[in-house]
Amino acid sequence: MTDSLSDAKALDTKQTMAALGVLFASVCFGIVPYFSRNLTDQGLAAHSVAFYRYVITAVILLPAFLSQLKAWRELVWGLCAGAGMGLGWIGYVRAVETIPASTVGVLYMTYPVFTVVIAWAMFADPPSRRALLASGLIFLAAVIAGNPAAVPSQDLPALIFSLAAPLGFGFGICVLVHRLSRIPPFARIASVSLGSVLALSPLVATSTAAEILPADASTWIMILGIAVVSALVPQLIYTVSSPIIGASRTAVIGSVELPTMFLVGMFAFGETLTIAQLSACALVITAIVLTRSRATRNVTTNIARNP
């Protein structure tokens, strides 16, 4: 009996720590706008910011990638997913330059809608009723947050271009779920990160020095922040923690990413939240809590799934 109680307490402690890990990682993902806007304000091009976010993870986890060369088909899919995510993220960075982080955050959180559509069209994975309902709520949130009355007309092209990020993430989720389950989690992270780096490298190579090289030490610190604090460290923590608490709790706890973006906009950039933005935030979180399904999980959650 004592052993059973001890085991139960140990399990509760493990799950509590894992839940805190997912919470911490999700907050780290949510502070991305802080780093990206500060880096573009220093003169770095959007594609350079995206490149720096992925390159350290790709280099550190390269051995995990090389250890799975026999599974070359899965690795190629991972590289393609990473390429789509890396190129799509350029739109996100450019949008955050001029548009409130909270508005861009809501548009970014539309990736479950793209996930449902791509999974259905490319992988013959029909959505559930809950997934369709959640997609409808998220689409409504995007319309509320990005309508012409809430966003100046001159910013609409950038806002539309920012949808490339959730499109890339949606494709990445589908690939991770349907093609990468046979390789270990760290190899999945490595293949996706390396794919992003390879796709962004031509743009970096053809840029001017001012667009890709930080001007001072403080900019280098920001680069380390976006690469380590918002990518490498939270991805590793998420990878370890999410299988322990399961996909449902991971999705619900992970929804804190969007409110974190709102707080970054308020306290770092002096943005004032509108009723439309708060309503959109509530709809997105409701959709995530409602479904708690594979289709609405964060990319990293799917990376962490055991084969």
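Being a predicted model, the structure only gives us computed values, none of them experimental. What's counted below: heavy atoms across the whole structure, side chains too, no hydrogens, waters or symmetry copies. One-based numbering along the sequence shown.
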Testing the basics here: between [X] and [Y], what is the closest heavy-atom pair and its distance to 0.1 Å?
| X | Y | value |
| --- | --- | --- |
| Ser26 | Tyr238 | OG-CE1, 3.8 Å |
| Val228 | Pro234 | O-CD, 3.4 Å |
| Met261 | Gly105 | SD-CA, 3.3 Å |
| Ser162 | Pro166 | O-CD, 3.1 Å |
| Leu180 | Trp77 | CD2-CB, 4.1 Å |
| Val104 | Ala95 | CG2-CB, 3.9 Å |

Distance from [X] atom [atom1] to [Y] atom [atom2], nearest 0.5 Å?
| X | Y | atom1 | atom2 | result |
| --- | --- | --- | --- | --- |
| Thr57 | Leu194 | OG1 | CG | 11.5 Å |
| Ile160 | Asp155 | CD1 | CG | 11.0 Å |
| Ile144 | Gln277 | CD1 | CD | 11.5 Å |
| Thr115 | Phe169 | OG1 | CZ | 10.5 Å |
| Ser191 | Leu62 | OG | CG | 11.5 Å |
| Ser48 | Ile90 | OG | CD1 | 9.0 Å |

So do the side chains of [X] and [Y] get within less than 4.5 Å of each other, counting heavy atoms only?
| X | Y | answer |
| --- | --- | --- |
| Pro214 | Gln42 | no |
| Gln235 | Phe29 | yes |
| Ile244 | Met17 | no |
| Val106 | Phe262 | yes |
| Val49 | Phe35 | no |

**Message:** Between Leu44 and Ile223, is the side-chain contact (heavy atoms from CB on, under 4.5 Å) condition met? List the steps.
**Reply:** CA-CA 10 Å; Leu44 267 65; Ile223 287 175; 4.1 Å; yes
Please check: side-chain N/O of [X] versus main-chain N/O of [Y], any donor-acceptor pairing under 3.5 Å?
| X | Y | answer |
| --- | --- | --- |
| Arg53 | Ser36 | no |
| Ser193 | Tyr54 | no |
| Thr206 | Leu203 | yes |

**Message:** Around atom CD1 of Ile275, are there more than 12 heavy atoms from other residues, nucleotides or ligands closer than 6.0 Å?
**Reply:** no
**Message:** Surrounding CZ of Phe269 (heavy atoms of other residues, nucleotides or ligands, distance under 6.0 Å), is the total greater than 12?
**Reply:**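 Enclosed.
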Run the side chain to side chain donor-acceptor pair (under 3.5 Å) test against [X] and tell me which residues pass, sequence neighbours left out.
| X | result |
| --- | --- |
| Ser207 | His47 |
| Thr208 | Glu211 |
| Glu271 | Arg37 |

**Output field: ring centroids Tyr92/Tyr108 closer than 6.0 Å** =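 So the answer is yes for these two rings.
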**Item:** Tyr52 and Trp220 aromatic ring geometry - parallel, tilted or perpendicular at 30°/60° bounds
**Value:** perpendicular
**Request:** Take Leu200 and Leu87 through the side-chain contact (heavy atoms from CB on, under 4.5 Å) test and state the conclusion after the steps.
**Result:** CA-CA 7 Å; Leu200 293 165; Leu87 294 174; 4.0 Å; yes
**Item:** Val59 reachable from Ile56 in the ILVMFWY side-chain graph, under 4.5 Å edges
**Value:** yes
**Message:** Please determine whether residues Ile221 and Val32 belong to a single hydrophobic cluster, defined as Ile, Leu, Val, Met, Phe, Trp and Tyr linked transitively by side-chain heavy-atom distances below 4.5 Å.
**Reply:** no
**Request:** Go through the steps for Phe139 and Thr110 under the test side-chain contact (heavy atoms from CB on, under 4.5 Å), then give the verdict.
**Result:** CA-CA 7 Å; Phe139 179 78; Thr110 60; over 6 Å; no
**Request:** Go through Phe186 and Leu236 one step at a time and tell me if the side-chain contact (heavy atoms from CB on, under 4.5 Å) criterion holds.
**Result:** CA-CA 8 Å; Phe186 284 177; Leu236 295 178; 3.7 Å; yes
**Item:** Member of Leu61, Leu75, Leu176 meeting the side-chain contact (heavy atoms from CB on, under 4.5 Å) criterion with Arg188
**Value:**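 So, applying the side-chain contact (heavy atoms from CB on, under 4.5 Å) to Arg188 and each of Leu61, Leu75, Leu176, only Leu176 qualifies.
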